[in-house]
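What follows is a short report on a single structure.
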Amino acid sequence: MPQSSLPLDLAMPSLNRRDILRGASASLLLAVTPLGFAAPAASVVAVRVWPAQAYTRVTIESTVALTFKQFSLKDPERLVVDLEGIDINNELQSLSSKVGGDDPYIQQLRAARNKPGTVRLVLDLKAEIKPQIFTLNPVGEYKHRLVIDLYPASQNDPLLAFLDDQNSDSKPAPPTPPPAATKPEPENKDGSVDRSKMKVDRLITVVLDPGHGGEDPGAVGPGGNHEKTVVLAIAKKLKALLENEPNIRVVLTRDGDFFVPLGVRVKKARAVQADLFVSIHADAFTRPDANGSSVFMLSEKGASSTAARWLAQTQNDADLIGGVKFDIKDKALAHTLMDLTQTATNNDSMKLAKSMLGELGSINRLHKQNVELAGFAVLKAPDIPSILVETAFISNPQEEQKLIDEAYQQKMASALHKGIKRYFAKNPPLAKTRMAQS
Ligand SMILES: [Zn+2]
């Protein structure tokens with residue numbers, strides 16, 4: 001058993017109070033033992049591996065912030081990470097067994113004591129990678145985390161890597177795409193271009209954004225089910241339905257259980273010139289009886305400065321957070337604000353949101369009868385009609401059971417499918433050149 005797992009007073013009887021205070025003031029808590037070397041005061045409490053084509057992430061969670069040194073070796077490709085102020089324990093040793101044979105980047109991972117107070121991780125790699133190693137401060141239920149992200153070296157831009165990935169399995173544009181399945185109805189209330197008279201003569205790109213992923217489970221239901229899992233299942237079902245349409249291609253911002261920063265989600269949508277962006281979530285609230293579906297879009301006006309500041313903060317931190325859990329008291333608000341950093345705002349978003357709300361109302365109680373607006377301004381609204389759907393409350397025991405039920409997931413996907421179709425029927429997308437100017 002490592003010394004560090006004992007209470008301080010048992011593990012280090014020679015320490016006086018001043019030493020403890022001095023040590024604690026530094027982020028790395030090291031103590032000098034009678035033997036004269038640094039004894040570890042940090043303990044690894046959990047290790048996780050999140051493999052994905054975009055990147056593989058290794059997370060090491062510890063009681064105290066870890067310091068590290070890294071270097072790479074060639075022939076064969078290896079990454080070596082020395083964790084300092086720590087000793088090997090069962091958790092760290094379990095890391096090697098958490099790397100699956102299908103990991104795109106890691107062949108094998110070994111953890112061993114290198115010298116007293118230093119554990120060496122050796123990652124045997126399947127290809128040359130660009131590592132990004134960083135630490136995260138405790139957030140929510142997570143303690144300190146050291147994160148090792150492995151990006152493919154040949155394609156270091158995660159977005160471009162993502163696009164390569166998508167291009168390899170997306171369906172090609174049909175040579176003569178037929179018009180939208182439903183006949184558009186005239187609509188010209190606000191004096192804008194009467195798009196209902198236009199025909200869809202190009203491939204429509206719908207980006208579906210299953211919320212959260214990887215280190216970030218999203219909301220967790222009373223039965224222990226994760227929002228990230230149910231929303232991915234719904235998104236995949238919706239993708240299949242949409243791809244039955246002759247003129248729609250679908251891009252998922254994530255197709256597995258890994259974390260995608262909010263900014264990257266929006267970048268992906270823009271990179272594929274999305275016609276629609278639909279973020280899919282499951283709500284949570286402190287009261288277990290809260291229930292129903294909701295649809296959000298961004299408000300163009302009226303932001304409280306506090307919320308705007310909070311938003312800016314989350315955007316700046318998004319790449320570092322990697323997984324977010326909030327205090328239960330402000331969870332609902334924080335969750336929504338966080339989610340909405342990825343949505344755009346314009347008339348089309350409202351039309352899409354209304355169309356979606358109508359369909360959801362046919363399969364579930366509506367939490368609110370109207371499209372909900374977030375009370376803050378975005379820094380710069382993207383030009384993609386964007387909405388965020390809270391499918392149901394995973395914090396509600398009955399709705400949690402529905403959300404994990406495959407038949408209900410299919411029903412939900414079908415409602416979202418109808419909502420999207422109804423929107424396109426009334427609002428055929430503009431030609432790309434016009435869209436770029438608007
Ligand atoms: Zn969410």
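Residue numbers start at 1 and run along the sequence shown.
- Between L92 and L83, the closest side-chain pair of non-hydrogen atoms falls below 4.5 Å.
- For the atom pair L150 CG and L123 CG, the distance stands at 6.0 Å (nearest 0.5 Å).
- Scored by the side-chain hydrogen bond (donor to acceptor under 3.5 Å, both in side chains) test, D289 finds R287 as partners (sequence neighbours excluded).
- Across P51 and P104, no two heavy atoms sit closer than the pair CB-CD, 4.0 Å.
- Put simply, OG on S414 and CD1 on I234 are 12.0 Å apart, with the number rounded to the nearest 0.5 Å.
- Closest heavy-atom contact between V44 and V47: CG1-CG1, 3.8 Å.
- Residue V58 is tested with I133, V147, L95 for a side chain to side chain contact (heavy atoms under 4.5 Å, CB included); the sole match is L95.
- Other residues, nucleotides and ligands contribute only 12 or fewer heavy atoms inside 6.0 Å of the NZ atom of K143.
- Looking at R254, its side chain never comes within 3.5 Å of a backbone N or O of F259 through a donor-acceptor pair.
- From L121, atom CG reaches atom CG of L79 across 8.5 Å, with rounding to the nearest 0.5 Å.
- The structure places CG of L276 at 8.0 Å from CD1 of I387, a figure rounded to the nearest 0.5 Å.
- The ring pair (Phe, Tyr, Trp, His ring centres under 6.0 Å) check on H367 picks up F393, with sequence neighbours excluded.
- Listed by first then second residue, pairs satisfying salt bridge (charged side-chain N to carboxylate O under 4.0 Å, His left out) with a partner in residues 100-110 read R110-D124, not counting sequence neighbours.
- Between G214 and D257, the closest heavy-atom pair is N-OD1, 2.8 Å.
- Between V220 and I394 the shortest side-chain heavy-atom distance does not fall below 4.5 Å.
- Side chains of F277 and L208 form no contact here, defined as non-hydrogen atoms less than 4.5 Å apart.
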- Mind running side chain to side chain contact (heavy atoms under 4.5 Å, CB included) on V99 and T56 for me, showing each step along the way? CA-CA 10 Å; V99 175; T56 285; over 6 Å; no
- Query: Between V230 and E400, does a side chain to side chain contact (heavy atoms under 4.5 Å, CB included) hold up when you go through it step by step?
  - Reply: CA-CA 9 Å; V230 299; E400 179 186 27; over 6 Å; no
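- Within the 4.5 Å cutoff, side-chain heavy atoms of N291 are placed close to those of R365.
- One finds no salt bridge joining K228 and D216 here, because no Lys/Arg side-chain nitrogen approaches an Asp/Glu carboxylate oxygen to under 4.0 Å.
- Between the CG atom of N396 and the CD atom of Q398 there is a distance of 5.0 Å, given to the nearest 0.5 Å.
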- Let me see the working for N364 and S293 under side chain to side chain donor-acceptor pair (under 3.5 Å), right down to the final yes or no. CA-CA 7 Å; N364 197 17; S293 305; 2.9 Å; yes
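- Residues V122 and L109 are not in side-chain contact: their nearest non-hydrogen atoms beyond the backbone lie 4.5 Å or more apart.
- Side-chain contact annotation: H212 with H226, donor-acceptor N/O pair under 3.5 Å absent.
- Identified under the salt bridge (charged side-chain N to carboxylate O under 4.0 Å, His left out) test for residues 401-416, with sequence neighbours left out: K237-E406.
- The minimum heavy-atom distance linking L203 with D275 is given by the pair O-OD2, 4.1 Å.
- At distances below 3.5 Å, at least one donor-acceptor pair connects side-chain atoms of R265 with backbone N or O atoms of P210.
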- Test side chain to side chain donor-acceptor pair (under 3.5 Å) on T59 and R145 and set out the steps. CA-CA 6 Å; T59 306; R145 284 176 292 169; 6.0 Å; no
- Task: Go through the steps to decide whether R270 and I384 satisfy the test side chain to side chain contact (heavy atoms under 4.5 Å, CB included), and finish with yes or no.
- Result: CA-CA 8 Å; R270 289 179 139 177; I384 304 166; 3.7 Å; yes
- Applying side chain to side chain contact (heavy atoms under 4.5 Å, CB included), run through M356 and V278 and close with a yes or a no. CA-CA 10 Å; M356 215 55 121; V278 179; 4.2 Å; yes
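- For the pair S43/S62, no side-chain contact is recorded, criterion being any heavy-atom separation below 4.5 Å from C-beta on.
- Ion pairing between R422 and E359 holds under the 4.0 Å rule for side-chain N and carboxylate O.
- Looking at D209, its side chain never comes within 3.5 Å of a backbone N or O of T253 through a donor-acceptor pair.
- Salt bridge status for E243 with R249: absent, with no side-chain N to carboxylate O gap under 4.0 Å.
- Checking H417 against E245 by side-chain atom types alone, a donor-acceptor pair falls below 3.5 Å.
- With hydrogens and angles disregarded, no donor-acceptor distance shorter than 3.5 Å links the side chain of R120 to the backbone of T118.
- Contact annotation: the side chain of I129 never approaches that of Y151 to less than 4.5 Å [non-hydrogen atoms, C-beta and beyond].
- A distance of 7.0 Å separates CD1 of I420 from CD1 of I248, quoted to the nearest 0.5 Å.
- Across A52 and Y105, no two heavy atoms sit closer than the pair O-CE1, 3.4 Å.
- Judged purely by atom type and a 3.5 angstrom limit, T229 has no side-chain atom pairing as donor or acceptor with the backbone of E227.
- Atom NZ of K98 has more than 12 neighbouring heavy atoms from other residues, nucleotides or ligands inside a 6.0 Å radius.
- V389 has its side chain out of reach of F296: every pair of non-hydrogen atoms, C-beta onward, lies at least 4.5 Å apart.
- Contact check on K236 versus D255 returns no salt bridge, with no Lys/Arg side-chain nitrogen under 4.0 Å from an Asp/Glu carboxylate oxygen.
- Checked by atom type and distance alone, the side chain of Y142 pairs as donor or acceptor with a backbone atom of E215 at under 3.5 Å.
- Every salt bridge (charged side-chain N to carboxylate O under 4.0 Å, His left out) that E128 has, sequence neighbours left out, goes to K74.
- Evaluation of the side-chain hydrogen bond (donor to acceptor under 3.5 Å, both in side chains) rule for K69 yields E84 as partners, not counting sequence neighbours.
- Using a distance-only test at 3.5 Å, with no hydrogens or angles considered, a donor-acceptor pair links the side chain of S349 to the main chain of S386.
- The shortest non-hydrogen separation linking T391 to M412 is O-CE, 3.4 Å.
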